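Presented below is the structure to which this report refers.
Starting from 1, each residue takes its place in the sequence as its number. Here the structure is a predicted model, which is why all the values come from computation and not from measurement.
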Amino acid sequence: MLPLIVFAVGIVVYNYKQDRDDATRRVLENVRSMRLVLDSEVQRMTGGLQVLALTNSLRNDDFQNFRRIALGFVEQYGKGGLVLISDRKGRLVFSSTTEDTASLPPRGNLETIEKVFASRSPQYSDLFTGAINGRQVLTVEVPVFRNGEVIYDLCFSPPVSIFQELVEKQRPDRFWTVSLLDTKGIVFARTPNPSETFGKRASPSLYDEMFRSSEASLPTVSLDGVALAAAYTRSQLTGWTVAAGVAESSLIAPLWRNIAITSLIGGILLLTGLTFAVRMATTIARGEMLHNLLIDELNHRVKNTLALMQAIAVQTFRSSSREERTKFEGRLGALAEAHNLLSQEKWAGSELRDVIVRVLQPFLLSNPDRIRMAGPAVPLSPRLAVVLSMIVHEIATNAAKYGALSNEAGRVTLEWEVIADTPKPRLRLIWSEIGGPPVTAPVQRGFGSRLIERSARDQLGGEATVDFLPRGVVCTVTCVLDEAR
């Protein structure tokens, strides 16, 4: 009996080592997933600010009319958000909190303002004390252009509670510690004990390691003194770091429990014989088979998503320029929004109107009534939801740059219908513009037009046409409907 028990304990210890290796890999996979969620949220903020920067009221220094638009943007993020506009020297010309900017102190964190003017691209700050509200804040800042030159810094300070809610939702269970840190290693969101750790530097072992590489797994001790099997990854978008770890005690406890159980089972196995052993082995094999099936399904989803993102990147940056980089960020943001919606529905599909509203949200900030939508409820499969969100994003972006959404008078009608008199139901979606600048057909088609046409043809099994009519552009997209799974 003793040799059998020793053998069983050896198996348990071996399995523990395997489980620990699996746990380390799982922690790294989780922080990568959390980083994607963080980047998606920040990209949504950035996209909204870039739309604000294109409004005519801001271009014309009509801050009275711009205030209404800015307050609508701030309301999306709840109480505590702040929009500021400053010049190169940090002098405030607009604040969403008051019309009397003359009484306000100059902007804090001039370093980020200088980067916005120098790089002519969005920037993301570290945690600092705001000059206006005196609280620790982070900012997302984009340039405002006039005649090709940067004239203002448009800054949004979101409520820090947004990031705290994000880490709490992403925390797998109570044994996990999840932290968000700025580029200097300062905590701005964490669970557990957020209030005690906010504004503190990362634990020494993590702090020393995070500046050596952009991603790693390591054993560390948390700010609470808990030993963790941890990992971190740095965002290429913001430079912020997502760190997470699972308590070592939660990994060791099952070992001792399994050793005790195995010792008991060893005696039972000696009495019950080979039959029980075969049954137990069969049960383990079935569990392993189910585990592998679930992992394969998850990998399939992730690989499809990465393949789509890679195709977009290759096409967009083939002749790299700042304008194309901005286009790619917008397309990636639209893709992320579609995935967010599908994730909420547990990849069971989504409703067409929800997909369209999610994509068009940044374009509705200045005037929600500019785009009228009408059509029946249409359930979409995950594949259709992702591709249609990219197509609608491209059409709306073109309208914001050249069409009906580029001025204050333009209007858009977006209608759709289901055509049922075919072997498979088909969706017809019509985008009609009116009141925009004079319409002229482009000399050559850009990547956006090719993306719309190829996506409709190759991925949706349909077609897309664009008509440059005197009254405005009309874009028609048809596709075969899948069953929403």
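- Using a distance-only test at 3.5 Å, with no hydrogens or angles considered, no donor-acceptor pair links the side chain of Ser86 to the main chain of Leu92.
- Here the closest non-hydrogen pair linking Thr177 and Pro192 is OG1-CD, 3.7 Å.
- Using a 4.5 Å heavy-atom cutoff, the side chains of Thr476 and Leu429 are not in contact.
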Derivation of the salt bridge (charged side-chain N to carboxylate O under 4.0 Å, His left out) call for Arg44 and Glu41:
CA-CA 5 Å; Arg44 187 165 73 95; Glu41 181 63 30; 3.3 Å; yes

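- Residue-environment remark: CD (Glu111) stays at or below the threshold of 12 foreign heavy atoms within 6.0 Å.
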Would you check, one step at a time, whether the test ring pair (Phe, Tyr, Trp, His ring centres under 6.0 Å) holds for Phe198 with Phe188?
CA-CA 5 Å; Phe198 180 83; Phe188 62 87; 8.0 Å; no

Using the rule given for salt bridge (charged side-chain N to carboxylate O under 4.0 Å, His left out), can you reason through Arg91 versus Asp87, listing the C-alpha separation, both sets of side-chain angles and the distance that settles it, and then say yes or no?
CA-CA 6 Å; Arg91 291 188 293 260; Asp87 61 15; 3.0 Å; yes

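- Between Thr24 and Ser217, the shortest heavy-atom distance links the atoms CG2-CB, 3.8 Å.
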Without placing hydrogens or testing angles, list every side-chain donor-acceptor pair under 3.5 Å for residues 141-151, not counting sequence neighbours.
from	atom 1	to	atom 2	distance (Å)
Glu141	OE2	Arg107	NH2	2.9
Glu141	OE2	Thr139	OG1	2.8
Arg146	NE	Arg59	O	3.1
Arg146	NH2	Arg59	O	2.6
Arg146	NH2	Asp61	OD1	3.0
Arg146	NH2	Asp61	OD2	3.4

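- Arg35 and Ser235 share no side-chain donor-acceptor pair at under 3.5 Å.
- Checking each of Val116, Asn109, Leu110 against Ile113 for a side chain to side chain contact (heavy atoms under 4.5 Å, CB included) leaves exactly one that passes, namely Leu110.
- A 4.5 Å side-chain heavy-atom check between Leu380 and Val355 finds at least one atom pair inside the cut-off.
- Ring pair Tyr77/Phe156 is tilted by interplanar angle, where 30° to 60° counts as tilted.
- Using a 4.5 Å heavy-atom cutoff, the side chains of Leu352 and Asp354 are not in contact.
- For Arg471, the CZ atom counts as loosely surrounded, since its 6.0 Å shell holds 12 or fewer non-hydrogen atoms of other residues, nucleotides or ligands.
- Thr191 contributes no side-chain N or O that, together with a main-chain N or O of Val178, makes up a donor-acceptor pair within less than 3.5 Å.
- Checking Asn65 against Arg68 by side-chain atom types alone, a donor-acceptor pair falls below 3.5 Å.
- Contact annotation: the side chain of Asn30 approaches that of Arg26 to within less than 4.5 Å [non-hydrogen atoms, C-beta and beyond].
- Results of the side-chain hydrogen bond (donor to acceptor under 3.5 Å, both in side chains) test with Tyr124 over Thr238, Asp182, Thr183, Thr46 single out Thr46 as the only residue that passes.
- Here the shortest heavy-atom pairing between Arg234 and Ser213 reads NH2-O, 3.4 Å.
- The main-chain N or O of Leu427 is never found under 3.5 Å from a side-chain atom of Trp416 such that the two would form a donor-acceptor pair.
- Take Thr97 and apply the side-chain contact (heavy atoms from CB on, under 4.5 Å) test, not counting sequence neighbours, and it matches Leu82, Ser95.
- Using a 4.5 Å heavy-atom threshold, the side chains of Tyr402 and Val473 count as separate.
- A donor-acceptor pair under 3.5 Å is formed between the side chain of Thr55 and the backbone N or O of Leu52.
- Counting only distance, with no hydrogens or angles, the side chain of Arg372 and the backbone of Val412 share no donor-acceptor pair below 3.5 Å.
- Using a 4.5 Å heavy-atom threshold, the side chains of Leu388 and Leu460 count as touching.
- With contacts defined as side-chain heavy-atom distances shorter than 4.5 Å, the pair Ile371/Leu360 qualifies.
- For the residue pair Ser103/Asp100, the side-chain donor-acceptor check at 3.5 Å is satisfied.
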Would you check, one step at a time, whether the test side-chain contact (heavy atoms from CB on, under 4.5 Å) holds for Thr233 with Thr241?
CA-CA 6 Å; Thr233 183; Thr241 296; over 6 Å; no

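- Here the side chain of Trp240 pairs a donor or acceptor atom with the backbone of Ser125 at under 3.5 angstrom.
- No side-chain donor-acceptor contact under 3.5 Å links Ser214 and Tyr232.
- Ion pairing of Asp153 with Lys89 is absent here, as no side-chain N (NZ or NE/NH1/NH2) approaches a carboxylate O to less than 4.0 Å.
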Is there a side-chain contact (heavy atoms from CB on, under 4.5 Å) between Leu36 and Arg32 once you walk through the steps?
CA-CA 6 Å; Leu36 290 175; Arg32 288 171 177 168; 5.9 Å; no

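- A salt bridge does not link Arg88 with Glu114: none of the charged nitrogens is closer than 4.0 Å to a carboxylate oxygen.
- Remark: the backbone N or O of Val386 is paired with a side-chain donor or acceptor of Ser389 at under 3.5 angstrom.
- The main-chain N or O of Asn193 is found under 3.5 Å from a side-chain atom of Thr197 such that the two form a donor-acceptor pair.
- Looking at Asn56 and Asn407, their side chains never bring a donor and an acceptor atom within 3.5 Å of each other.
- Salt-bridge formation is detected for the pair Glu417/Arg428: a Lys NZ or Arg NE/NH1/NH2 atom is positioned less than 4.0 Å from an Asp or Glu carboxylate oxygen.
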Could you walk me through whether Leu405 and Arg370 satisfy the side-chain contact (heavy atoms from CB on, under 4.5 Å) test, starting with their C-alpha distance in whole Å, then the side-chain angles of each, then the deciding distance to 0.1 Å, before giving a yes or no?
CA-CA 8 Å; Leu405 299 182; Arg370 297 188 68 179; 4.2 Å; yes

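- One N or O on the side chain of Arg171 and one on the backbone of Arg174 form a donor-acceptor pair closer than 3.5 Å.
- Side-chain contact between Ile391 and Val477 is present, with heavy atoms from C-beta onward closer than 4.5 Å.
- If you look at Phe94 and Phe66, their ring centroids are closer than 6.0 Å.
- One N or O on the side chain of Glu433 and one on the backbone of Ala404 form a donor-acceptor pair closer than 3.5 Å.
- No side-chain donor-acceptor contact under 3.5 Å links Gln123 and Thr112.
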